[in-house]
Amino acid sequence: MARKIRKVAVLGAGVMGAQIACHFANIGIEVLLLDMPAKEINEKEQKAGLLPEHPKVRNRIVNDLFLKATRLKPAPLYLQTYSNRITTGNFEDDLHKIAECDWVIEAIIENLKIKQELYTKIEKHRKPGSLITTNTSGIPIQMLIQGRSEDFAAHFCGTHFFNPPRYLKLLEIIPSPNTNQEVIDFLTDFGERFLGKSVVSCKDTPAFIANRVGVYSMMSVFHLIDEFGFTVDEIDKLTGPIIGRPKSATFRTCDVVGLDTLVFVAQNLQKALQDDEAKDVFQIPEFIQHMMGNQWLGSKTGQGFYKKIKSEGKSEILSLNLESFEYQEKQRVKFGEFEAAKAVPHLNDRFKVLLKGNSKVNQFYQKMFFGLFAYVSNRMPEITDDLYKIDEAICSGFAWEMGPFEIWESLGAKKTLSMMEEMGFKAANWVHNMVQEDLGFYQLKDGLKQYYDVNTNAHQTIPGTENLVLLNNLRSSKTIWSNEGASIIDLGDGIINLEFHTKMNTIGSEIIQGTNKAIELAESDYKALIISNEGENFSAGAILDWYLCWPLNRSLKSWTWLFALSKIQC
Ligand code: NAD
């Protein structure tokens with residue numbers, strides 16, 4: 001019988017649980033959100049004459065947490081009114097209601113014993129065959145199912161959402177050997193089609209894929225600070241948008257996530273990892289210990305690597321000096337190396353510019369990236385058998401534009417491997433085998449991206465991408481016309497695509513020229529025209545100075561298109 005999800009129970013209404021509940025409500029699903037009951041009445045309840053057994057008192061914890069979540073920015077709900085799809089309750093009075101649910105998602109405190117105790121209670125009420133999953137960040141799934149019934153274990157796995165769950169695309173699915181394949185297949189499809197996630201199946205290894213690699217990457221940057229002496233502002237400049245990572249780069253990301261959370265994951269990894277050659281990278285450096293001691297944990301404690309202050313009625317952001325541990329005015333950081341890199345429009349080509357040379361910046365990048373490349377190569381087959389999953393997980397979980405193997409490929413797999421080895425970074429043997437065969441991590445074939453499969457020593461199409469049309473993959477071989485700001489790409493089946501590639505895809509003369517050309521081609525030789533691009537924004541609108549100077553004798557067609565395009569919002 002086809003599985004249907006009509007009602008979901010989310011157990012735990014903390015940072016993750018409440019937001020996961022909101023995301024299910026977003027897609028029209030009824031949600032039961034439970035948390036611990038409040039045991040005592042507070043002053044306000046006493047004044048209102050409520051008794052401890054009153055539902056308002058019993059459900060105070062869950063209701064307060066849920067209300068807090070609905071006020072978060074960015075908003076976890078598509079529309080505030082969708083909160084009426086969520087019913088709240090508590091583990092003592094309402095757990096029996098999970099019998100009506102098709103999927104139970106546990107998102108309580110990260111503690112094996114407490115989670116197991118809750119599962120014992122869940123066993124008594126869940127309907128056989130219903131899905132039961134955990135949002136754990138790293139407790140082994142195999143340990144969580146100890147003592148559980150066959151039906152429970154067969155329908156149990158990890159579903160690791162990233163924070164904030166509405167916005168971060170990654171959903172890691174972690175089965176145990178007991179999980180039914182039907183459950184994995186269903187959750188993968190549901191995650192992608194209904195929750196809008198990029199689903200990556202992981203092995204049951206410490207911190208799974210994205211956090212294992214992402215936390216390694218952050219910790220390795222912390223350790224490089226000692227060697228290179230870069231400041232907080234400089235590191236965020238070096239590890240931000242210039243290398244395809246979010247503006248929050250390294251330190252601002254720590255402040256948002258909370259330094260304690262990062263340290264917790266790093267320490268757990270250090271304890272859990274036995275044969276990891278880079279285990280020491282997860283050691284907490286002294287400056288982080290100092291910050292932890294002072295409770296400088298980031299946004300949650302009001303200060304971390306950055307601190308917002310108000311002076312003369314204006315707010316100002318200060319950054320932490322990692323030597324004196326004093327907050328100082330933010331520096332305006334300028335690196336000469338960035339000038340050349342910024343002139344390279346495609347990120348894919350930028351790494352070559354940034355890593356080439358012997359300046360302090362070049363050397364920092366070499367050490368940072370070569371360490372990361374070696375690390376991810378050595379994680380296979382430990383954390384996954386398929387290299388593309390590492391790239392996919394880190395890109396959708398940490399919002400990087402390119403994953404480690406994609407960056408390595410852009411630098412040249414073979415050439416980079418010998419540079420790495422010269423500098424003492426040891427990659428896994430399979431990379432040596434691959435380059436000996438003159439193969440790379442990825443290749444394009446008939447517009448499809450293929451990855452190097454270690455097991456077959458050959459390239460394979462990334463599963464699930466067979467029917468995707470990606471302009472990035474077609475651009476080099478199927479462009480039939482282009483100018484500085486627009487390209488026309490033949491998608492096959494008589495269809496062409498007009499792509500913009502000006503700065504922020506603003507509309508100026510090149511795009512109008514491209515539009516006219518595309519209409520002309522579509523009308524004469526093709527069946528249809530699509531206007532789409534894979535930029536961060538579809539278009540920031542028209543370039544105003546150009547727009548005003550556009551000679552009035554141009555064709556009406558162009559004006560109509562320009563007007564229509566500048567109105568399109570994506
Ligand atoms: P949280 O501390 O915000 O919420 C935990 C919830 O557990 C609270 O609502 C609390 O009332 C409840 N709880 C505490 N003690 C309990 C007990 N004895 N019995 C039952 N419930 C109890 O935590 P969170 O950040 O929402 O994390 C929840 C889960 O999600 C954890 O497994 C965590 O590792 C995982 N996770 C967290 C993040 C994140 O960024 N915070 C990201 C991914 C996964």
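- Between Asp386 and Tyr452, the side chains place no donor N or O within less than 3.5 Å of an acceptor N or O (distance only, hydrogens not considered).
- Under 3.5 Å, the side chains of Gln460 and Gln450 contain no donor-acceptor pair of N or O atoms.
- Residue pairs meeting the ring pair (Phe, Tyr, Trp, His ring centres under 6.0 Å) criterion with at least one partner in residues 391-416, sequence neighbours excluded, are Phe373-Trp408, Phe405-Trp430, Phe405-Phe441, Trp408-Phe441.
- Thr120 places a side-chain N or O within donor-acceptor distance of the main-chain N or O of Gln116, the cut-off being under 3.5 Å.
- Counting only distance, with no hydrogens or angles, the side chain of Asp255 and the backbone of Gln303 share no donor-acceptor pair below 3.5 Å.
- Between the SG atom in Cys202 and the CD atom in Glu172 there is a gap of 3.5 Å [rounded to 0.5 Å].
- A distance-only check finds no donor-acceptor pair linking the side chain of Asn537 to the backbone of Met504 [under 3.5 Å].
- Put simply, the side chain of Leu322 does not reach to within 4.5 Å of the side chain of Thr231, judged on heavy atoms.
- Taking 4.5 Å as the limit, some side-chain heavy atom of Ile383 sits within range of a side-chain heavy atom of Val213.
- In this model, no donor atom of one side chain and acceptor atom of the other lie less than 3.5 Å apart for Asn429 and His432.
- Scanning for salt bridge (charged side-chain N to carboxylate O under 4.0 Å, His left out) contacts around Glu437 gives an empty result, with sequence neighbours left out.
- Remark: Thr465 pairs with Thr461, Ile462, Leu468 by the side-chain contact (heavy atoms from CB on, under 4.5 Å) rule, at least two apart or across chains.
- Shown here is Asp275, whose CG atom has no more than 12 heavy atoms of other residues, nucleotides or ligands within 6.0 Å.
- Ion pairing between a basic and an acidic side chain is recognised when a charged N comes within 4.0 Å of a carboxylate O; Glu382 and Arg212 show such pairing.
- Here Glu110 pairs with Lys115 under the salt bridge (charged side-chain N to carboxylate O under 4.0 Å, His left out) rule; sequence neighbours left out.
- For the pair Val62 and Asp35, the tightest heavy-atom approach, listed with the atom from each and the gap, is CB-CB, 3.8 Å.
- Side-chain contact between Leu262 and Met218 is present, with heavy atoms from C-beta onward closer than 4.5 Å.
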Report, one line per pair, each donor and acceptor closer than 3.5 Å where one atom sits in a side chain of residues 9-19; sequence neighbours left out.
residue	atom	partner	partner atom	Å
Gln19	NE2	Val15	O	3.0
Gln19	NE2	Asn163	OD1	3.2

Exercise. List the steps, then state whether side-chain contact (heavy atoms from CB on, under 4.5 Å) holds for Phe251 with Leu320.
Key: CA-CA 10 Å; Phe251 290 125; Leu320 185 67; over 6 Å; no

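- Nearest heavy-atom pair, Arg350 versus Pro241, reported as atom, atom and distance to 0.1 Å: NH1-O, 3.7 Å.
- The aromatic rings of Phe152 and Tyr119 are tilted relative to each other, their planes meeting at an angle between 30° and 60°.
- Ile284 is listed as a side-chain neighbour of Met219, based on a closest heavy-atom distance under 4.5 Å.
- Judged by distance alone, the side chains of Glu326 and Asn321 never bring a donor and an acceptor atom under 3.5 Å apart.
- Under the rule for a side-chain contact (heavy atoms from CB on, under 4.5 Å), the partners of Lys113 that lie at least two apart in sequence or sit in another chain are Asn111, Glu117.
- For the atom pair OG1 (Thr133) and CZ (Phe156), the distance works out to 7.5 Å, reported to the nearest 0.5 Å.
- From Ile225, atom CD1 reaches atom CD of Glu323 across 10.5 Å, with rounding to the nearest 0.5 Å.
- Between Leu168 and Ser396, the closest heavy-atom pair is CD2-O, 3.8 Å.
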Practice problem: Run the numbers on Lys426 and Glu277 for salt bridge (Lys or Arg N to Asp or Glu O under 4.0 Å), then give the verdict. | Solution: CA-CA 10 Å; Lys426 249 190 113 18; Glu277 74 291 344; over 6 Å; no

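- For the pair Met368/Leu355, no side-chain contact is recorded, criterion being any heavy-atom separation below 4.5 Å from C-beta on.
- A side-chain donor-acceptor contact under 3.5 Å links Asp233 and Ser319.
- Side-chain contact between Glu234 and Lys237: absent, with no pair of heavy atoms (C-beta onward) separated by less than 4.5 Å.
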Please report, to 0.1 Å, the donor-acceptor pairs under 3.5 Å made by any side chain of residues 67-74, with sequence neighbours excluded.
residue	atom	partner	partner atom	Å
Thr70	OG1	Leu67	O	2.7

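- Lys169 NZ to Phe161 CZ: the interatomic distance, rounded to the nearest 0.5 Å, is 13.0 Å.
- With sequence neighbours excluded, no residue forms a salt bridge (charged side-chain N to carboxylate O under 4.0 Å, His left out) with Lys271.
- Figure legend: Arg379 and Tyr375 shown as a cation-pi pair, the cationic atom lying under 6.0 angstrom from the six-membered ring centre and within 45 degrees of its axis.
- Among the candidates Ile145, Ile141, Ile174, Ile139, the single residue satisfying the side chain to side chain contact (heavy atoms under 4.5 Å, CB included) test with Thr134 is Ile141.
- The closest side-chain donor-acceptor pair between Asn211 and Tyr216, if any, does not fall under 3.5 angstrom.
- When side chains are defined from C-beta on, Val200 does not count as touching Ile173, because their heavy atoms never get closer than 4.5 Å.
- Between Ser220 and Val281 the shortest heavy-atom distance is N-CG1, 3.7 Å.
- Side-chain contact between Leu273 and Pro206: present, with at least one pair of heavy atoms (C-beta onward) separated by less than 4.5 Å.
- Residues that satisfy the side-chain contact (heavy atoms from CB on, under 4.5 Å) test with Lys203, not counting sequence neighbours, are Thr205, Pro381, Asp385.
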Quiz prompt | Working for side chain to side chain donor-acceptor pair (under 3.5 Å), residues Asp349 and His346 | solution = CA-CA 6 Å; Asp349 305 316; His346 287 293; 5.8 Å; no

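- Partners of His160 under the ring pair (Phe, Tyr, Trp, His ring centres under 6.0 Å) rule, at least two apart in sequence or in another chain, are Phe162, Phe208.
- Within a 6.0 Å radius of CD in Glu286, other residues, nucleotides and ligands contribute 12 heavy atoms or fewer.
- Atoms CZ and CZ, on Phe369 and Phe364 in that order, are 8.5 Å from each other to the nearest 0.5 Å.
- The stretch residues 254-279 participates, sequence neighbours left out, in no ring pair (Phe, Tyr, Trp, His ring centres under 6.0 Å) pair at all.
- Taking CG of Leu170 as the start and NZ of Lys197 as the end, the distance is 8.5 Å to the nearest 0.5 Å.
- Scanning both residues, Ala154 and Val183, for their nearest heavy atoms gives O-CG2, 3.7 Å.
- Side chains of Asp185 and Thr188: a donor-acceptor N/O pair is absent below 3.5 angstrom, by distance only.
- Judged by a 6.0 Å distance limit and a 45° cone about the ring axis, Lys360 is not positioned over the six-membered ring of Tyr365.
- What you find for Val221 and Thr239 is that their closest heavy atoms are CG2-CG2, 4.5 Å.
- Listed by chain and residue number, Val257, Lys300 satisfy the side-chain contact (heavy atoms from CB on, under 4.5 Å) test with Thr261 (two or more places apart in sequence, or in another chain).
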